[in-house]
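Data first, discussion second: the structure below is written as structure tokens.
Letters go in sequence order (proteins before strands), and every chain restarts at 1. Because the structure is a prediction, the values reported are computed rather than measured.
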Amino acid sequence: MAFRCDAKVQCFFSRRSYSLEGLHVLLQLWLGTDLHYVFLPRPVIHLGRVTLMAPDWLRRPWSEYNAFWRCVQAGATYLFVQLCKMLFLATFFPTWEGGAGLYDFVGEFMKATVDLADLVGLHLVMSRNAGKGEYKIMVAATGWATAELVMSRCIPLWVGARGIEFDWKYIQMSIDSNISLVHYIVMAALVWMFTRYDLPKHYRLPVTFLLGLSIYKTFLMESFGHLFLLGSWTALLVKALLTGLLSLSSLTLFVTLVHSN
Amino acid sequence: MEFVPSCLQIPQSLPGPAAANFPLYNLYFWRRGDGLTEEAESTAHRTPLPPIVSLFLRLFGTIGLQHFTPPGKRHSALDIKTTSPSSPWVWKVPYVAVLSTRNAVLNTEARTLEADILSRRCVMMRLLDFSYEKYQKVLRQSAGAVVIILPANMSAVPQDILRQFMEIEPEMVAMETIVPVYFAVEDEELISIYEQTLAASASQGSSSAAEVLLHTATANGFQMVTSGAQSKAISDWLVTSIEGRLMGLGAEDLPTIVIVAHYDSFGVAPWLSYGADSNGSGVSMLLELARLFSRLYTYKRTHAGYNLLFFASGGGKFNYQGTKRWLEDNLDHTDSSLLQDNVAFVLCLDTLGQGDTLHLHVSKPPREGTLQHTFLRELEMVIASQFPEVKFSMVHKKINLAEDMLAWEHERFAIRRLPSFTVSHLESHREGLRNSIMDVRLRVDTSTLTRNTRIIAEALTRVIYNLTEKGAPENLQIFTEQMQVQQEQLDAVMQWLTSQPRAAQLVEKDSTFLHTLEYSLSRYLKDIRLHYVKADKRDPEFVFYDQLKQTVHAYRVKPAVFDLLLALCIAAYLGVAYIAVQNFGLLYKTVQKLSLKVKQQ
């Protein structure tokens with residue numbers, strides 16, 4: 001996008017002329033047209049100057065090459081994948097009609113297996129982005145986790161925590177969303193490692209194992225909760241520990257893989 | 001032959017007062033007891049719940065949303081309106097009654113008596129800790145509201161506490177308070193709320209700063225909120241009475257015996273007044289007598305020369321309004337009625353389900369030679385010969401016209417110069433039991449009630465058939481075998497009567513209670529008539545108010561310090577997270593070094 005930098009702008013109040021800057025630059029960027037000679041009030045020009053210092057994704061939101069846009073893409077992919085999963089679940093999985101106190105282990109296991117689609121989705125996001133491994137992983141995971149947060153946690157938080165009732169569960173939910181961010185970063189990293197064509201043979205097994213663990217983590221956690229009747233805080237702690245363990249081992253694998261060649 | 005009407009065959013498992021099937025969270029609100037309250041002044045509503053400020057906290061690019069309120073504002077709440085059965089904080093209190101002359105809108109924090117400051121708080125007290133001094137103290141400190149928690153199981157309450165409460169009850173009714181007083185039947189949730197409030201109230205002021213801090217994070221306070229509307233006087237409330245008769249065999253001008261019992265109950269909280277002994281026992285005895293005499297009157301050989309007039313009167317606790325109107329209708333407005341012509345005597349049944357005493361209350365001792373006197377003598381004879389364990393006496397009390405309320409129902413008749421008396425196991429009309437919410441099913445012993453029914457039935461029969469003069473032996477037992485007084489029937493009727501509160505304000509004209517009563521009377525009696533009383537528009541003798549039950553929401557709240565504490569914790573968490581992300585490189589390097597070392601080995 002080319003625009004001319006030598007155009008003069010006269011300030012409406014001071015009659016002083018500024019070189020084209022600030023808001024004009026932004027407007028040019030956004031609208032894609034040249035602005036040659038426009039009267040603008042001084043505060044507006046100041047606003048433009050300040051805005052120029054804004055991050056890249058704010059200045060050029062519609063560029064295909066910034067991280068923000070890619071995160072949005074990842075979020076869209078998340079939505080698509082979830083829709084596919086839901087359709088699949090609704091078609092092939094009957095609703096569990098057992099007793100209220102019972103836990104349907106087999107059904108839940110099968111449902112967790114459907115989460116394999118998440119891996120495919122993450123891979124899809126990463127394969128569409130060019131760049132270094134860390135960059136791809138971060139973009140995919142951040143977009144994915146944000147989409148998940150918006151879709152599954154925002155409304156309960158907005159409705160519940162804003163209400164007059166105080167409950168610790170909203171605090172727990174917030175901490176849980178932090179944990180799930182780490183979880184998705186780990187998952188993205190594992191997918192990235194798994195789909196590398198130059199992955200050494202002896203890495204294949206641990207990476208696959210960790211991938212499986214990350215997929216069935218929720219299922220394991222819930223089964224644990226039902227078996228040992230964990231309290232909500234304990235369950236959260238166990239989840240954090242499990243995720244920490246998973247992330248540490250993945251980090252080790254990642255580090256050795258990246259720095260081995 | 002079974003004479004139990006189908007509508008009265010109530011299963012024994014029918015929920016009693018403690019477990020009656022009322023909608024959840026209906027707490028009942030009641031105005032002053034005599035129903036003669038002046039128009040309530042309007043109270044300014046408190047400010048509504050403050051808006052909640054929420055902040056988005058950004059974290060790692062993920063958004064962690066925290067609920068946050070400015071300190072000092074309501075923070076957290078427990079909404080007992082939630083009907084979700086899974087919620088652990090559903091307050092399933094079926095009944096609460098309020099006693100106040102003012103609007104019962106309430107929005108205050110809960111406290112127990114142990115707290116130092118009670119003003120503008122909702123004071124919760126259990127019946128076990130209740131005393132008049134404490135009640136007075138609470139009112140003097142201008143509490144926002146009083147919640148009196150009644151035990152679900154009245155039988156577990158010591159007798160002296162019950163007696164004490166029954167003594168205070170009329171005072172509470174009569175006393176004008178600006179403080180709304182609620183009555184609630186305890187259950188697990190309410191007890192848990194009470195105990196948490198108790199812990200909070202007890203720990204106030206006498207602990208270290210650290211303890212207070214810990215306490216704010218763990219303990220819950222409770223904000224009690226009602227959303228009741230202003231209570232209004234109900235106009236055109238009809239008080240219903242039911243009359244039925246058994247006509248005697250013989251000439252036109254037969255003497256009439258009138259048997260009367262009022263069916264309504266009274267207590268400080270109308271929705272909690274089941275009136276088992278007073279006067280459920282009287283009504284069930286009336287029904288049993290109707291059944292027995294209807295059987296006698298069906299056969300020509302046993303058809304006596306007396307008319308029997310049965311009357312279940314309404315508004316008995318409000319100066320016998322139903323009886324008063326009935327008498328006016330019969331004596332003043334009509335030309336001929338059974339009451340006008342030849343009344344032998346009027347027998348009022350009141351509070352007969354307990355104890356080994358029987359008293360015949362009269363306003364004028366019966367003269368020799370009257371049927372009244374005969375009945376008294378027969379009663380004495382039956383008791384002396386067949387039931388020596390019963391202590392019988394006649395109590396003479398003149399009618400005090402200067403008093404607002406008549407003492408016994410027979411005084412209504414005595415004023416109209418009808419020979420009348422009341423049978424009761426109570427010695428004085430001032431007994432608290434007659435007007436108490438403590439008068440529940442447990443207070444009536446069915447075998448005692450059966451025995452008393454038997455005594456009265458035997459005495460009545462001896463009068464009606466003139467058995468003594470015919471030379472029947474003193475210990476002749478008439479109501480035995482086929483004709484015996486059915487204890488199951490009495491029990492079933494008692495169960496039915498006490499399965500619902502029967503305060504005069506609650507028994508509607510078209511209520512199932514009245515329909516059932518009418519139906520069961522019509523099974524035995526003929527010529528059933530309903531009589532209605534409506535208070536005079538200009539100069540009402542009684543006024544009932546609505547809003548007898550109200551929902552109280554108990555919101556779980558945390559003090560303002562808790563907000564501050566929580567904000568600090570969140571800030572600390574964010575700080576730690578920020579530092580961790582900033583120094584992630586350190587971890588990365590460490591892992592790199594370690595893995596290299598492993599490789600080199």
Side-chain angles (χ1 to χ4, degrees), chain A residues 55 57 67-68 71 74-75 100-101 134 138-139 141-150 153-185 244 247-260, chain B residues 48-57 59-69 73-82 85-89 217-218 220-221 223 225 553 555-558 562-563 566 569-570 573-574 577 580-581 584 587-596 598-599:
Chain A
W57 60 267
F68 176 75
C71 283
E134 300 96 289
M138 282 311 284
V139 163
T142 315
W144 200 267
T146 310
E148 196 233 5
L149 173 84
V150 170
R153 291 205 174 89
C154 259
I155 290 171
L157 266 180
W158 185 254
V159 174
R162 229 168 62 95
I164 33 180
E165 188 171 29
F166 172 79
D167 207 315
W168 284 106
K169 77 177 175 198
Y170 300 109
I171 307 270
Q172 288 169 357
M173 203 190 258
S174 307
I175 296 173
D176 189 46
S177 78
N178 291 164
I179 294 173
S180 82
L181 174 67
V182 174
H183 172 77
Y184 282 121
I185 292 175
S247 59
L248 264 183
S249 32
S250 307
L251 183 67
T252 320
L253 277 179
F254 182 83
V255 166
T256 41
L257 184 66
V258 168
H259 295 279
S260 59
Chain B
L49 311 176
I52 303 288
V53 183
S54 291
L55 294 182
F56 281 96
L57 303 175
L59 186 66
F60 301 124
T62 306
I63 294 166
L65 178 69
Q66 284 301 334
H67 166 205
F68 199 81
T69 51
K73 292 287 166 64
R74 168 201 306 285
H75 185 200
S76 46
L78 146 69
D79 188 359
I80 48 172
K81 213 167 58 181
T82 334
S86 60
S87 164
W89 287 109
T218 52
N220 291 315
Q223 188 91 4
V225 180
H553 308 284
Y555 292 96
R556 230 180 326 179
V557 291
K558 300 260 186 205
F562 178 76
D563 286 325
L566 191 67
C569 288
I570 292 168
Y573 174 74
L574 290 181
V581 172
F584 185 71
L587 180 70
Y588 193 89
K589 290 247 172 65
T590 321
V591 172
Q592 198 179 345
K593 263 183 213 160
L594 282 176
S595 61
L596 278 180
V598 171
K599 234 178 212 176

Task: Other residues, nucleotides, ligands: >12 heavy atoms within 6.0 Å of M173(A) CE - done: yes
TODO: Kindly indicate whether the side chain of T256(A), heavy atoms from C-beta on, has any atom under 4.5 Å from the side chain of V598(B).
DONE: no
TODO: Report yes if the side chains of Y573(B) and I171(A) come closer than 4.5 Å at any heavy-atom pair, otherwise no.
DONE: no
Task: Considering all heavy atoms, the nearest T252(A)-V591(B) contact - done: CA-CG1, 3.7 Å
